[in-house]
Amino acid sequence: MTPRERIAEERERTEVRLARMRSDHEGFVEASLHSNADDEHDPEGATIAFERSQVATLARQLTHQLAELDAARERLDAGTYGACERCGAPIPEGRLEARPAARTCVACAR
């Protein structure tokens, strides 16, 4: 698989996950609008507010991942994809397969 294909595939997976997170978030918001339950003191576990916050945080992370994948595609177009942004060394192929948006080699990522 080419780097461009890997980036496109990862972007597609991320978009699907983001759509699911946004849908979940909307569900939590909707549920809390039609409920007068005191979920802050619910002995059953996590509150609706906590769940809503957690899903919103995951959605922000996925949005950031999409931006990183877009930046990787720009580096590919510019001919700089696969070069570490810190030291300039090549990023190992295995790292790019696992993390298509990787900006740094393994040594610089530590």
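Model, not experiment: these values are computed from the prediction. Nothing fancy with the numbering, it's 1 onward along the sequence.
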State whether R75 and D70 are salt-bridged, where the test is any N-O pair (Lys NZ or Arg NE/NH1/NH2 against Asp/Glu carboxylate O) under 4.0 Å. no
Can you confirm whether I91 sits close enough to T104 that some side-chain heavy atom of one is under 4.5 Å from a side-chain heavy atom of the other? no
Applying side chain to side chain donor-acceptor pair (under 3.5 Å) between E9 and each of R6, R11, R13, report the one that passes. R13
Tell me whether E97 at atom CD has more than 12 heavy atoms from other residues, nucleotides or ligands lying less than 6.0 Å away. yes
Taking all non-hydrogen atoms of both residues, which atom of P90 and which atom of C105 are closest, and how far apart? O-CB, 4.2 Å
Less than 4.5 Å apart, side chain to side chain, heavy atoms only: is that true for R103 and E68? yes
Tell me, do D77 and R4 make a side-chain contact under 4.5 Å, heavy atoms counted? yes
Looking at every non-hydrogen atom in both residues, tell me the closest pair between V106 and P92 and how far apart they are. CG2-CG, 4.4 Å
Are I7 and L66 linked, directly or through other ILVMFWY residues, by side chains that come within less than 4.5 angstrom of each other? no
Just by distance, with hydrogens left out, do S23 and R20 show a side-chain donor and acceptor under 3.5 Å apart? no
For the backbone of A109 and the side chain of R86, can you confirm whether one donor and one acceptor N or O come within less than 3.5 Å of each other? no
Neighbour count >12 (heavy atoms, 6.0 Å) for atom CZ, R99: no
Evaluate T57 against R60 for side chain to side chain contact (heavy atoms under 4.5 Å, CB included), listing each step before the verdict. CA-CA 5 Å; T57 298; R60 278 192 301 275; 3.0 Å; yes
Which heavy atom of Y81 sits nearest a heavy atom of P100, and at what distance? OH-O, 2.7 Å
Could you check whether any side-chain N or O of E5 sits under 3.5 Å from a backbone N or O of T2, counting only pairs where one atom can act as donor and the other as acceptor? yes
Tell me whether the count of non-hydrogen atoms from other residues, nucleotides or ligands lying under 6.0 Å of CZ in R95 goes above 12. yes
Nearest non-hydrogen partners of R22 and T63, listed with the distance: NH2-OG1, 3.7 Å
Validation row: L69, H64 side chains within 4.5 angstrom (heavy atoms): no
